[in-house]
A.B. asks: 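Before anything else, here's the structure in question.
First the proteins, then the strands, lettered A, B, ... as listed; each starts at 1.
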Number of protein chains: 2
Amino acid sequence: MLSKKTKYGLKALTYIARREEETPAQVGEIAKSESIPQKFLESILLTLRKAGILGSKKGKHGGYYLRKAPSDILMTEVMRVLEGPIAMVPCVSLNFYEKCDDCPDENLCSVHKLMIQVRDSTLQVFRNTTLADLSEKNS
Amino acid sequence: MLSKKTKYGLKALTYIARREEETPAQVGEIAKSESIPQKFLESILLTLRKAGILGSKKGKHGGYYLRKAPSDILMTEVMRVLEGPIAMVPCVSLNFYEKCDDCPDENLCSVHKLMIQVRDSTLQVFRNTTLADLSEKNS
DNA sequence: TATTAATCCTATCGATTTAATAGGGATTAC
DNA sequence: GTAATCCCTATTAAATCGATAGGATTAATA
C-alpha cells in the first residue's frame, strides 16, 4: 500500500510542476490546493529538499521549487526517497538489499523468484515515467 | 512491503506443491521445513483453505493439500487472498475499489495515472505466474 | 471406547509503523 | 523590527503486523 506520505509528496510535486508563476510555491498554498495537512506536508517537502529534488527559499515570500526540469525527475528517484525500496522484499532490492533470516539459499526460494519479476516490472514503469508525465493535464 | 503472512503462505504452498507423498502435509512438518512459526502458519493455512485454495483433512494423520493442480493456481488469486489488493492505492484496485477522500477527480490525479500503470504491470506478472512456476526447482 | 494427534477457532499481546500535531528556532522581505 | 516563511525535533494516537495462548473439535487407531 502506498503511504500517504508518498501520495502527498507526488501530488505536491505535480502541483509545483504544473504551476506557472516564477515565485516559489509555499507550503500553505500547496496544502490548501491539494487537501494535505499543512504540517505533514512541511515534513514531506523537507525530505524532498534534502534529497535534492526540491530547492527552497527561506523567509518571507519563500517557498519550494524544482531543482530540475520535470522531464528530468524520474519516478525511481522520487519513489525511493518517499516510499523507500521499490522491491517488496529486501532480498530483491537493488538499493536497499538485505538477506532474509529464514532463507538458506535465495536461488531456491520461490518467493525470491516471483518478487524479482515484480520488482523488474515495477521498475520499468518508474524508469519510464517522469514528473513531466505526471503533470500533463489530459487524462 | 510484502507481509510475512504472504511470504510464509507462498513458501508453504510451494512446499506442498513440491511434495511427492500422497498423504496431506501437516502444519508442523511445513513449519519446521520452512522455518515458519507453527501457530502463525496454522492461521495462514486456514485462510488459504477458507479461500478454496487448500483442502484439509482433520484429526490424526490429517493435514493440508492443494485443491487444484499447481499450474491452475494463479498468483493473482493467492496474492489477493494473502496480501489483499494488488493495487497500491484503493482508487485503482479492480477487486477492492474505494474512492479517495481527497481527490475531487480521479482522471486529473497524477498519482492515479501512475498507480494504474504499476497495477497493470504487476498484474501481468501475477496473471502469468502459477504455483507450478514457483515450484520448479531450478533457479 | 479411550487415547492421541491433528485441524479449527477466538482472543490477545507487544512491537512497530504511520499519520498527524505541537511548538518553537532561524531566516528573509519589507 | 515585524511578519511571514521555512526548518527542526519531539510527541502522540491509531492502526497494523507478527506472533502466541488456550482450548474445541474431529478422526484414526489401539
A.B. asks: I'd like the 5' and 3' limits of the part of DNA chain C contacted by chain B, with heavy-atom contacts below 4.0 Å.
C.D. replies: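 So the outermost contacting nucleotides come out as C/dT4 to C/dC9.
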A.B. asks: Name all residues meeting the side chain to side chain contact (heavy atoms under 4.5 Å, CB included) criterion together with A/Ala87; count only those two or more places apart in sequence or in a different chain, and write none if there are none.
C.D. replies: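 If we apply the side chain to side chain contact (heavy atoms under 4.5 Å, CB included) test to A/Ala87, skipping adjacent residues, the hits are A/Val92, A/Ser93, A/Arg119.
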A.B. asks: Provide the full list of salt bridge (charged side-chain N to carboxylate O under 4.0 Å, His left out) pairs with a residue in residues 52-75 of chain A, sequence neighbours left out, each pair given once.
C.D. replies: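 Counting only pairs at least two positions apart or across chains, the salt bridge (charged side-chain N to carboxylate O under 4.0 Å, His left out) contacts touching residues 52-75 of chain A are A/Lys68-A/Glu77.
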A.B. asks: Going by heavy atoms closer than 4.0 Å, what residues in residues 31-46 of chain B are next to DNA chain D?
C.D. replies: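 Result for residues 31-46 of chain B: B/Pro37, B/Lys39, B/Phe40, sorted by number.
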A.B. asks: Could you tell me which residues satisfy salt bridge (charged side-chain N to carboxylate O under 4.0 Å, His left out) with A/Glu34, sequence neighbours excluded, listed by chain and number?
C.D. replies: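 Testing A/Glu34 for salt bridge (charged side-chain N to carboxylate O under 4.0 Å, His left out), a comparison that skips the adjacent residues, returns none.
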A.B. asks: Over its full length, what angle do the end axes of the helix from C/dT1-D/dA30 to C/dC30-D/dG1 make, each axis taken from five pairs and the result rounded to 10 degrees?
C.D. replies: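 The angle, to the nearest 10 degrees, is 10°.
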A.B. asks: Heavy-atom contacts under 4.0 Å between residues 50-62 of chain A and DNA chain C, which residues?
C.D. replies: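 Per residue number, the list reads A/Lys57, A/Lys58, A/Gly59, A/Lys60, A/His61.
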A.B. asks: Among residues 75-97 of chain B, which residues get a heavy atom nearer than 4.0 Å to DNA chain D?
C.D. replies: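 Close to the strand, none.
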A.B. asks: Would you jot down, in residue-number order, the residues of residues 5-29 of chain B having a non-hydrogen atom under 4.0 Å from DNA chain C?
C.D. replies: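 Going residue by residue through residues 5-29 of chain B, the ones with a heavy atom under 4.0 Å of DNA chain C turn out to be B/Gln26, B/Val27.
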A.B. asks: Output every pair passing salt bridge (charged side-chain N to carboxylate O under 4.0 Å, His left out) with a member in residues 15-25 of chain B, not counting sequence neighbours, ordered by first then second residue.
C.D. replies: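 The answer is B/Arg19-B/Glu21, B/Arg19-B/Glu29.
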A.B. asks: Taking any atom under 4.0 angstrom from a heavy atom of chain A, which nucleotides of DNA chain D are the first and last to qualify, 5' to 3'?
C.D. replies: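 So the contact region on DNA chain D extends D/dA4 to D/dC8.
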A.B. asks: Which pairs would a plain distance check flag for residues 39-51 of chain B, meaning a side-chain donor or acceptor within less than 3.5 Å of a matching protein atom at least two apart in sequence or in another chain?
C.D. replies:
residue: B/Ser43; atom: OG; partner: B/Phe40; partner atom: O; Å: 2.8
residue: B/Thr47; atom: OG1; partner: B/Ser43; partner atom: O; Å: 3.0

